[in-house]
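Residue numbering restarts at 1 for every chain, and letters A, B, ... go by the order of the sequence lines. Computed from a predicted structure; not experimentally measured.
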Amino acid sequence: MKMYVGNLSYDTTKQDIETLFAQHGQVTDVHVPTDRDTGRPRGFAFVTMDSKQSMDNAIGSLDGKNVDGRNLRVNEARPR
DNA sequence: GTTGAGCGTT
């Protein structure tokens, strides 16, 4: 139950994401990768939820949502 | 600014 959250503002934190997604289902994990060289957020994140239902619900409600001046992109994550 | 790490040879 992993999904990709892209087009994030660099001001959006892990905490912000967790709060957003928790409103649509049970969030089990949030990961915000930072650039290995610059230490800067990369502008996207990964959220894991407890079920596909939660995931679909969150995607349907949050994809395209304007947060911090940017429209979120939410969909199922690709394999790493 | 669009698909995760870190160690250090998988």
Side-chain angles (χ1 to χ4, degrees):
Chain A
M1 308 299 102
K2 257 181 319 187
M3 57 193 162
Y4 164 79
V5 186
N7 203 46
L8 286 174
S9 164
Y10 289 150
D11 293 326
T12 307
T13 68
K14 194 171 164 180
Q15 185 64 237
D16 293 328
I17 296 165
E18 179 170 1
T19 302
L20 266 178
F21 282 78
Q23 298 176 335
H24 302 281
Q26 187 63 57
V27 176
T28 48
D29 186 56
V30 180
H31 187 200
V32 182
T34 52
D35 191 291
R36 206 158 165 337
D37 300 312
T38 68
R40 238 184 169 207
R42 294 186 59 187
F44 62 92
F46 287 93
V47 176
T48 306
M49 301 194 77
D50 70 329
S51 67
K52 188 173 192 303
Q53 284 75 18
S54 295
M55 194 179 82
D56 290 341
N57 191 27
I59 291 174
S61 305
L62 299 175
D63 185 35
K65 182 178 179 58
N66 187 289
V67 176
D68 232 342
R70 304 192 62 79
N71 280 343
L72 297 186
R73 299 282 83 159
V74 185
N75 52 263
E76 187 175 340
R78 287 180 192 162
R80 181 162 41 171

Name the atoms and distances for all side-chain donor-acceptor pairs under 3.5 Å in residues 16-23 of chain A, with sequence neighbours left out.
| unit_1 | atom_1 | unit_2 | atom_2 | d |
| --- | --- | --- | --- | --- |
| D16(A) | OD2 | T13(A) | N | 3.0 |
| D16(A) | OD2 | T13(A) | OG1 | 3.1 |
| T19(A) | OG1 | Q15(A) | O | 2.9 |

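Contact check of residues 6-21 of chain A against DNA chain B (heavy atom, cut-off under 4.0 Å) returns N7(A), L8(A), Y10(A).
Sorted pairs that involve residues 59-80 of chain A and meet ring pair (Phe, Tyr, Trp, His ring centres under 6.0 Å), not counting sequence neighbours, are lacking altogether.
Using modelled atom types, no side-chain atom of D29(A) and backbone atom of T48(A) make a donor-acceptor pair closer than 3.5 Å.
Rounded to an integer number of Å, the gap from M55(A) CE to dT3(B) P is 18 Å. Computed from coordinates, the M3(A) CE to dG4(B) C1' distance equals 15 Å when rounded to whole Å. The interatomic distance linking N75(A) (CG) with dT2(B) (C1') rounds to 9 Å, in whole Å.
For the atom pair CE (M49(A)) and CE (M55(A)), the distance works out to 9.5 Å, reported to the nearest 0.5 Å. Atom CG of N7(A) sits about 7.5 Å away from atom CG of L72(A), to the nearest 0.5 Å. Here the straight-line distance linking atom CG of D68(A) with atom CG of D11(A) works out to 5.0 Å at 0.5 Å rounding.
Residues satisfying the salt bridge (Lys or Arg N to Asp or Glu O under 4.0 Å) criterion with R73(A), sequence neighbours excluded, are D63(A).
Members clustered with Y4(A): F44(A), F46(A), by chain and number, using a 4.5 Å side-chain heavy-atom cutoff among hydrophobic residues.
Using atom C1' as the reference point in both dT9(B) and dA5(B), the two lie 16 Å apart (nearest Å). Separation of the C1' atoms belonging to dG6(B) and dT10(B) is 11 Å when rounded to the nearest angstrom.
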Report, one pair per line, the protein and nucleotides 5-10 of chain B atoms (nitrogen or oxygen only) whose separation is under 3.5 Å.
none

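Between the side-chain ring of F44(A) and the base of dT2(B), no stacking contact exists by the 5.5 Å and 30° definition.
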